[in-house]
Amino acid sequence: MMHKVMLIDDDVPMLKVLRQMIDWESLNLHIVGTTYSSAKALHMFKETAPDIVITDIGLPQTNGIELAAAFTRMQPEIRVIFLTCHEDFHYAQSALRLNADDYLLKDQLTAEQLEQSLKKSIRLLKAKATRMDHETSNYNNELFKHGLFQRVIDGVHPETTLGYASQLGISWGYPWFMLGIVHLNYSSYEQLYDQSDLPLILYAIYNIATELSASYEGITPFMEQGHLAVLYNYRLNLANNANQHFHNYLQELRWRCSQFIKVRLSTVAVTDKMLVQSIGPIYQSLIHHKNEFYVGDELTVSEINRFVQNIFLPSPQGFLDPYKPELERVLLKSDIEAVRHIVANIGQAALEQRVEPGEFIRDVSYLLRSIEMMFGNPNSDEAFYFYLSSARTLRDAMDLAVNKLVRIAENRHETGPAVREPKLQVIQQYIDRHLSENITSIDMARYLFLNPSYFSRYFKRLTGINFTDYVHQYKMKIAAKMLVTSSQTLESLAIGLGYSDRTYFSKVFKKYIGMTPSDYKTRHSAGRYAK
């Protein structure tokens, strides 16, 4: 029996790699559709009704996990294989419960691994496995849980909310509640994972929190947008220390996440007694104001009546200007200890002046972007600036800043020598001769007479990035120059560089250059004529 397969990845060359990697028909598999768009994927799924879907996790707009859930609702027997792109993702394995047959690392993917995963999916299809039905039930239960927490936040009548909880098997039989909010520390996250892995890591944290709650009576975790909320329902009892019970849970959650997935968490705990109808306003205040910013990874609010929003002050004009020349000077000397010292001084100044967290992070972002430009980095890492804007504590923000500055210092030395590597010169010459083609790592490996998996690892050690990123960067630098100096249309320029789809070309250009082709041309053409 021939089974139908659909491939989804927002990186078009990866789709070509998957097509080339194995002989699909020998496995009785037929690829019925490929797409780089999650929106198109939903329409294609309805039209083609595939048996197996291979999808990237880190898709924009709707990620791979959400797509898999949508596919499962439409077709419960669907088999799903996830792709991810980071080599250290194995840290999360023990914390995940995905409705998928497998997940594969892109940079280390071999034909054998892909075939094994597909054969597993085929076996499950033939056996008419029912595991996905169970996962669908779990997914629906999570939707209901989210609805319950939304009722709590919206202040729905207590009897209605408690009755809804009871229908989900959640017994809130006591009048009092404590509230916890759990955030990810991004300085620990970015050392191991890519931004595309973020939904999966948050899901892993939630799984750990849920499994741990089975050992802690009265505690219910909820997965919210980018963080966890934890409610503890308890009664006043002199024999039991409810505060300690709640703190023990949060401490063990932090420890387990540091052990299993190697990330740090920050927590805010409201341990004063609350009625269910009073939780919403307090939760909203904690989410929208970074009360914990100058406190650290653990903030405890023990008295609600005394709990008011932290008083922050506006950022003084030019607050960080004096630090820029200092940082540039020590970066030129690659003095990492001096970098750490200056960043620590910046953090201390913000703490002493109680600068409003959002404004402080904005100023730090401006400072780091200007330093990147000074040192000639053409590709601003927007994932980093997302992490920085999401940081909930001063420590996390300053650790992120140090990480970024250390990378800038290291790249000063790596950029020059790397292009002089004989092997890299050969690779660049091949790219130059095939600019109008969609070059993959498999194409390059064949040209060099290397095993594709070995070539991928070798290239990443050589350059610090994967081959696909390198080709995109190389082509986008050419595109940026031609946009200003050439009279070609955007369509002809895209085709000449191997991008048959103008929308995809514009998306890649923005990712690596930081703005759309039209914005880039307008800005740089204006500057050129002004001269």
Side-chain angles (χ1 to χ4, degrees), residues 5-24 29 31-41 44-45 50 52-65 67-68 80-87 89 100 102-118 193-197 199-200 383 427 431 434 437-447 450-460 463 465-476 494 497-501 503-512:
V5 181
M6 188 168 80
L7 309 178
I8 310 166
D9 199 304
D10 66 335
D11 194 354
V12 171
M14 188 62 196
L15 294 174
K16 183 179 176 183
V17 167
L18 290 171
R19 280 183 170 275
Q20 293 177 332
M21 188 168 279
I22 62 172
D23 182 355
W24 293 84
L29 296 173
I31 298 176
V32 293
T34 64
T35 181
Y36 62 84
S37 163
S38 54
K40 290 180 180 178
M44 187 179 292
F45 185 88
I52 301 170
V53 171
I54 300 178
T55 179
D56 183 19
I57 290 172
L59 298 169
Q61 298 177 335
T62 303
N63 64 54
I65 299 171
L67 268 184
V80 180
I81 297 171
F82 282 127
L83 298 172
T84 187
C85 60
H86 203 277
E87 60 188 354
F89 193 78
D102 209 347
Y103 65 90
L104 304 170
L105 301 179
K106 290 184 183 181
D107 290 345
Q108 299 176 13
L109 183 60
T110 65
E112 292 75 18
Q113 289 174 331
L114 182 58
E115 285 190 4
Q116 286 176 7
S117 296
L118 287 165
Y193 304 108
D194 291 338
Q195 188 178 20
S196 60
D197 296 323
L200 209 55
I427 293 170
I431 296 171
H434 298 82
E437 298 175 21
N438 188 353
I439 307 167
T440 70
S441 59
I442 291 179
D443 297 326
M444 197 69 247
R446 286 173 179 168
Y447 177 74
L450 295 174
N451 175 277
S453 179
Y454 171 81
F455 170 74
S456 294
R457 293 193 297 270
Y458 163 81
F459 188 86
K460 193 164 187 178
T463 64
I465 60 176
N466 65 42
F467 182 76
T468 300
D469 281 333
Y470 184 89
V471 173
H472 282 322
Q473 286 182 10
Y474 192 75
K475 289 186 175 185
M476 290 307 107
L497 291 173
Y499 300 92
S500 58
D501 186 287
T503 302
Y504 179 65
F505 171 78
S506 298
K507 173 186 170 184
V508 175
F509 188 96
K510 185 174 182 180
K511 177 179 178 180
Y512 291 95

**Student:** Step by step, would you call Tyr499 with Val12 a side chain to side chain contact (heavy atoms under 4.5 Å, CB included)?
**Tutor:** CA-CA 9 Å; Tyr499 300 92; Val12 171; over 6 Å; no

**Student:** Measure across Thr503 and Tyr36 and return the closest heavy-atom pair with its distance rounded to 0.1 Å.
**Tutor:**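 Shortest heavy-atom contact: CB-OH, 4.1 Å.
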
**Student:** Rounded to the nearest 0.5 Å, what separation is found between the CD1 atom of Ile54 and the CE atom of Met14?
**Tutor:**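 Reported value, rounded in 0.5 Å steps: 9.0 Å.
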
**Student:** Using modelled atom types and a 3.5 Å cut-off, is there a donor and acceptor pairing between side-chain atoms of Lys40 and backbone atoms of Thr35?
**Tutor:**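 Not at all, since once roles are kept as given, no pair shorter than 3.5 Å links the two residues.
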
**Student:** Backbone N or O of Thr440 within a donor-acceptor pair of the Lys16 side chain at under 3.5 Å?
**Tutor:**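 Looks like no, no N/O pair under 3.5 Å.
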
**Student:** If you draw a 6.0 Å radius around NZ in Lys510, do more than 12 non-hydrogen atoms from other residues or ligands fall strictly inside?
**Tutor:**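 Result for NZ/Lys510: open.
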
**Student:** Specify the closest pair of heavy atoms between Ala41 and Ile8, including all atoms of both residues, with the distance to one decimal.
**Tutor:**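 That would be CB-CD1, 3.7 Å.
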
**Student:** Could you go through Ile427 and Phe455, starting from their C-alpha distance and side-chain angles, then the distance that decides it, and tell me whether this counts as side chain to side chain contact (heavy atoms under 4.5 Å, CB included)?
**Tutor:** CA-CA 11 Å; Ile427 293 170; Phe455 170 74; 4.0 Å; yes

**Student:** Could Asp56 and Lys106 be called an ion pair, given the rule that one side-chain N must be under 4.0 Å from one carboxylate O?
**Tutor:**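 Looking at Lys106 together with Asp56, the answer is yes, because their closest N to O distance falls below 4.0 Å.
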
**Student:** To check you understand the geometry: which heavy-atom pair defines the closest contact between Gln195 and Ala383, and what is its length?
**Tutor:**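 It is OE1-CB, 3.3 Å.
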
**Student:** Measure the spacing between OH of Tyr470 and CD1 of Ile439 and express it to the nearest 0.5 Å.
**Tutor:**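 Nearest 0.5 Å value for the OH-CD1 distance: 11.0 Å.
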
**Student:** Rounded to the nearest 0.5 Å, how far does CG of Leu83 lie from CG of Leu59?
**Tutor:**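 It is 9.5 Å, given to the nearest 0.5 Å.
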
**Student:** Under a 3.5 Å threshold, yes or no: a donor from one side chain and an acceptor from the other, between His472 and Asp11?
**Tutor:**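 Side-chain D/A pair, His472 to Asp11: present.
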
**Student:** If you measure from CG on Leu497 to OH on Tyr474, what distance do you get to the nearest 0.5 Å?
**Tutor:**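 One finds 11.0 Å between CG of Leu497 and OH of Tyr474.
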
**Student:** Find the distance between CD (Gln20) and CG (Leu18) and round it off to the nearest 0.5 Å.
**Tutor:**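 Nearest 0.5 Å value for the CD-CG distance: 9.5 Å.
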
**Student:** Please step through side chain to side chain contact (heavy atoms under 4.5 Å, CB included) for the pair His434 and Asp443, ending with a clear verdict.
**Tutor:** CA-CA 11 Å; His434 298 82; Asp443 297 326; over 6 Å; no

**Student:** Does some side-chain heavy atom of Thr55 sit less than 4.5 Å from a side-chain heavy atom of Phe82?
**Tutor:**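 They are in contact (side-chain heavy atoms under 4.5 Å apart), so the answer is yes.
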
**Student:** Return the CG to CD1 distance between Asp9 and Ile57, rounded to the nearest 0.5 Å.
**Tutor:**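 That separation rounds to 11.0 Å.
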
**Student:** Could you list the residues that satisfy side-chain contact (heavy atoms from CB on, under 4.5 Å) with Ser453, not counting sequence neighbours?
**Tutor:**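 Once residues adjacent in sequence are excluded, the partners of Ser453 under the side-chain contact (heavy atoms from CB on, under 4.5 Å) criterion are Thr110, Asn451, Arg457.
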
**Student:** So, using side-chain contact (heavy atoms from CB on, under 4.5 Å) as the criterion, who are the partners of Ser456 when residues are at least two apart?
**Tutor:**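 Expected list: Ser441.
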
**Student:** Ignoring hydrogens and geometry beyond distance, is a side-chain donor-acceptor pair present between Tyr512 and Asp469 at under 3.5 Å?
**Tutor:**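 Yes, a side-chain donor-acceptor pair sits under 3.5 Å.
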
